[in-house]
Amino acid sequence: MFLYLLKDLFRRTLFHGTRIAGLLVICVGLTTFVAMAQSIEISSMAEVSEHWRGTYDLLVRAKSSVSETEKELGIVNGNFMGMPQGGITISQLDVVRNIAGVEIAAPVAPVGYLLNQTGTVGVEIMPIEPGTLYQAEIDIQASERDQQYSRSFFGLQDLSDTGSHLSVNFSSSVTMGDELFQARAAPLPPLWTMLAGVDPEAEAALAGLNRSITQGQYLLGGQSLRETVISDRSNPWDKLKAMTIPIIVSQRSYIRGQFNASISIMTITPDAWDRLFALEAAGSYEELVEALEVIFDDGPAELLHEYSADWDSLLKPLSGYSATLKSDGQILVSESGSHTMRYSDLLIHPGQVTYISCPAPPGHVGLSLCVTSLGTWGETTGLELASNMPEGYGLEQQDVPAESAMYRPLTVLKPAPFAFDVIGTYSIDRLEFSREPLSYVPMGIYETPIDILRYSPEGVKVDPIEVRPSLNPGDFLMRPPLALTTLEGAEYLSGRDDFISAIRVRVAGIEGYSPEEVSRIEQIASEIAERTGLDVAIVAGSSPQSVLIKVPEIGYVEEAWTTLGAALSVTHGINFANLLLLSCFVTCALLFLSNASTLSIVGRSKEIALLRAFGWQDRTVLSWYVGEALLVGVVAAFVTVGLSRAAVFALDIHLSWPSIVIVSSAAIVMYVLSTIKPIYKAVKRPIVEGLSKGEVEWGEIISKLGFGLRGMLDVVVRNLGRRKSRTIIQIIMLALGVALAAAVIQILIQLNGRLEITFLGQQIRWTIRSYQVLMVVCVLIMAVLANLEAQNLNIAERAWEFALLRATGWKKRHIFKMVTWEGISIGCIGGLIGGVLGLILAVVISGLSQGMLLIPLVSLVASIGLGIVIGVIPAMRISQFDILHLLGNQVMGISKKSDIRPSSFAWLGGTIAVFMVAALVFISRPDVIETVTQAVIGRETYHHAAYETTAKLKPMQHVQRLADMEPRNLGNQAEQAAVSYVANLFANNGLLVERITFPISGFRVISSDSGEEILSSSQIGGSVSAMAYQGEAFEEGPFQAPFVVLRAGNDYPAASELEGKIPVVVDQEGALWGEELRSLVAYYGNEIPFQAGFSLWGVDETGLGQLEDGGIVGETLLGTDVVGTILGNERPEQEIWVVTRLDSPLEGGGADASASGLAVVLELAKIYQNQGSPITLRFIALGGMENGLEGLISYWESREVDPENIIAVLVLEQLGSWDRLIAGVDLASPGPDGYILPEEIQTDAMQSGLSWMEPLLVRRFNLESGSIEDWQRSIREYDYGPRQSPPDILDIAAQAASDLDIDFSLRFGSCDPSILPFLYWRLPSVIICGEGNGVIGSPFDTIDTLDSGKLKTALAFSYHLIELLGGRNGTIHTD
Amino acid sequence: MEQSILIRMEKVSKVYGEEAGRPTVTAVSEVDLEIKEGEFVMIHGPSGSGKTTLLNIMGLLDVTTSGKYFFDGTGVDELSENNKVAIRSQRIGHIFQLFHLIPIYTSLENVLMPILPYSSNVMGKYRIRANELLTRVGLDGRFEHMPGQLSGGESQRVAIARSLINNPQVLLADEPTGNLDKVTGGEIVGLLEQLNRELGLTIVMVTHDEANFPAATRILQMSDGKMI
């Protein structure tokens, strides 16, 4: 009997094949989706877990500080913390601190804006030319909104008569004794500086504020204020008692504007002089100015000098600085004195911006708010300030343009008498808090939110530009507090008890993201709220959210706010969506299975009756068909396990063997079980009924044959009514499919909507979108397939009927029309029911939302469409029926030639399933698809020789190897392993290999007992700013010796005390980097006793203590460059350098930065060793790049290079994940953030160079042959030439990208600064890197974020670019 | 030797539609009938006269509404379903107008289908018998042909062989020539006559073709469900 079952299986291949195919769709789908759901949950949880916690966990504020907008939307304003809102007292702070589990409670107490003392812009002209008019134009621009402009004139008719000169708008004396003119031409704008109080200890723990002190001391908390005596500004003879307020001020003003000035000259006739002097003598000042302006405007004036500077270098918070435009074209900045505040000084107290919701510009998705203008500075605060301004303060010193728009209310306050004691400066750049974009929480007392202008006020999209805070304290965007005091100081100046605006709380002992940890944070939050009555927001698990803010007259700017509870919402959303989708899939799968088995049995009811007529017992029949189903199931199960495993592998998702087997078996068991009922029913039917031919009530049907719609519909309805239960199942199936799809799509939209607005959501959005869409498609396909199956069975059973109708005169189109209408009718009814069901589901799940009412309509239209499909396809099959055979010779009711069978449409399902799996693979693993395509189609896929050449290479394997290592940094073992890896590969591929070893500006602290590393220089706080070494000390490896710590200001020890030791000197605050080391070397002159020494900068006491511990010694570090050379076989003197780096940042995997670049270099070396090159190719992997670009400098120093022979230097960086490839440096192109250098800066950069590179370099000098000065000079005083890549190389790069159909752009300031030294050295250099992946280069940079396909494309591009460059004759030069 | 009565019916009626509450149709009305072993009985009558229904009742494919049916002296109406199945499988053979061959099996396999559930130990014996039967019905050399490869007459011969595989006491044929041309139909009736004559096989055949009458040992006429 089993043999017959097997025969059955093999002989009805189509029939059983389709059953197996259907089962496969379901089983593979189920296992794959279960696996994907698991994987997505795991990976999204991991993602969330990694990023859910920022610098602090709870944000505590007074309830009155929380705006309605924030409450309503569950978000936190981007820069709320800079505002002195108050509302929290010291005793409330103490309560918070005493709650068990609170690790840090860091209060913020902004006080208000203080007016800076103002410096001036001076002009110096030397020598003065007689008979010449001078014009000084000064343009001060801190932001687009506070441009200032002044114009001054000076002229001298005759040097011998110093009295006959003109001076307009110059406010101070003129000195001409040395033919020198010096005067003040314009005031520098005052800088309203926000002062905030912090708890020094808490701030040190939370943000490392103590370690960011660059000069002076850190604040001491818990100290009472000292009393002092000051003079009253309004009456200097009056003395007042005042409190001394200790403050530390920011090193930077947080202004990124530009200062531009120019001096031009014009020679005029004696008559003109006379006219001007006459006007001056008559006191006609305005006419004089007008006349001077006319003279210069009519020109031609000769430009004497142009000046340009960054505002940040001129303005320091709470310090008076002056800038002098020197006659040699330089700008001299000098500090005019420290700040002293007096009783009569004012505080401006800013209020909150009021946000109201307003529509976003068309096409923008996400939250949109509007701010309203409160008038202008002149109308509001300006007047109030003027009335309160003490004598001695000119009104102009408010210096906010009167027409500046005000967005926040400002109140003028007079604090109690005080005097500032500036005890130190701090650098915002050195603060240690999470700047990860995914878990960033507002640190408003340190940073301003980044605002990007996206749309004009009219809602027209504009090129994105960063909007900067203006000098106006009432601007919508605030600069952060740039002066910090203690809580005591803040309380005194505020004059109120509840002076604290917010408390940032970090909960102790939280390590990951788990329900328990979330609940602990929630518990502490509620305890704080309960015991203090304050508002507590849980920011752990929040995510920055882009909010579009409409600012009148500026436009729509995008600002990062914070969405509270984003992590929970995301994880819940994902879990819910997965659950819902899986439920939909399983429901439809069950229905599909049961429908399929029912139909397969119904279709064979005659066969069953016959077997029973032979005398088969019912149980025999039952076991026969169940056995058959089981056999089909087992076959399907085996194939399923294989396919599922393949899918799991291809999609790189997690599912164990047992899970696959369980899920597959469950589907098979469902299938077999669902077979039993229809068979049981079939064997219980009377045999005679089963054997009957199913006689048709011809008369009834034919009598209805009016061919109008009504008549036909009548027939259709009767036809459907003949198989009521089947029709109902069909309708339910379709309705359910449509309903679930509609609901899922609705949720998908809502979920994605919710996800898209947060960065965290964006981060994991890609992991769910394709999966969800495919699930929905899958559900619908099953609904359609099941209907097609049923409809096909219908027509199979009615084949004779159709033949007979044809025989009686029906035309094909009549039958076509009838069957199509049957499908449409099912579609309409199913669609209506499905639409309503979908609506109910969507409402239940996610509440009523806008646009939801479209669901029923869309469902109906979609269902009618599906109805047409399930009507038309079977109807088309009918036309293939052979009337004669149908009416004639029959075997079991099935004609010989017209093989009409149910289930044949399941083939369609199988095919679609294959496409779906392919789509999944394509979406998730392009590299797999690429490999498969390559295997199937071969090389024809590649439309360019470069792709063809690189097709079989596997650069990702190199990245994998390198990323598996620890961060490759400071010459550690991982970096050494990378050196060996690269050198071995070069050697194995037959390249000439060269290793260049050099000292790295870092050291290791090792135990003198065990010799094991205790820590390295990067871990002791601060950084190495300079190093000195004797070349011979490094020839045989690192140099070991005990440390000697030398502090600034102390006498240097006798030379003998430093012999055989490593001196470590600490740079004084504010000193040039490496200054102490330079002094030390200079001190010992020609008898330098030590072999290596270091200058440290910003190191903390703990770090120093560790160095001084007697039990440890130091060890200097070495880095290594590896160079592989392929000598040219035609023009070996000409070279192309292909450069990358082999080390990586201390954090993260260093996969893209730049194992990807290295991988490409290694593969390029392999290609060229095989194919040879007409010119010499040097493949250069640089070490020590993370620490002052030392590998690059060392490589340059190691060889003599004639730039004329270098055709090109390609620097390859970050090629593993990108939206477009970019090439730089092109000064005229935008930077990565869209910022375009002003033209004059471009010109300057081209002509005299910019010194962007300086901060990247560590000062070092060889004690035997060089010095810091020499080295610096080699960088700074070189005859630089252009500072951008040669345009013709950039053109070739663009050509290469165009040839390979790669999205490509030119950029300024791209990728990595390692290109800059090459440009300084006049080498024709270009950097190639990927753009468009925010993750890359950050700590998220791991192998998982890379894309093998992109890496290979970058490889093909690099190869093609070298080909194009190598084909040239080396004519690209830098002049 | 006196022939024993194989089939006996006493006032057998079959009414459709009673249980469904629809208007009733009386297919067979109070039929009294006796068929002895070795007879070749033909039941003749117009369409709708109840011939097939009567034959289905005889073959235990359908049940009576009233009256009594004795098969080989056993009252069928009192039998359990299992006993009925036993009679169907071992003592009755069926052939149909549409042959009802299972399209995925060869001629030989189709013939073996009725004994498939019962013969796992003795399949070899039945295979020989099936070969003999196929040879006997004139299909020597066509054992492995699929139904789709056979003509109508050949298909019906396979169906006859299949009906004989269990060595039944009676062969019930429902219009076996109805789907065949005259010549082929004649051959099939000739074959049945031969089986009746040579093997003594009892045959009850429903037909509406009087040309088949000469092969019969007895002709019964039906009209409106009644035997006339």
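Each chain gets a letter, A, B and so on, in the order the sequences are listed, and its residues count up from 1.
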Exercise. Does Phe70(B) CZ have over 12 foreign heavy atoms under 6.0 Å away?
Worked result: yes

Problem set entry | Which atom of Ala613(A) lies closest to which atom of Phe96(B), heavy atoms considered | CB-CZ, 4.5 Å

Exercise. Does NE2 belonging to His145(B) count more than 12 external heavy atoms closer than 6.0 Å?
Worked result: yes

Exercise. Roughly how far, to the nearest 0.5 Å, is the CD atom of Gln617(A) from the NZ atom of Lys84(B)?
Worked result: 14.0 Å

Exercise. Near Asn82(B) CG, under 6.0 Å, is it more than 12 heavy atoms from other residues, nucleotides or ligands?
Worked result: yes

Exercise. In terms of heavy-atom proximity below 4.5 Å to chain A, should Asn56(B) be classed as side chain, backbone, both, or neither?
Worked result: side chain

For this session: Can you see which heavy atom on Arg612(A) is nearest to which on Arg88(B), and at what distance?
Result: O-NE, 2.9 Å

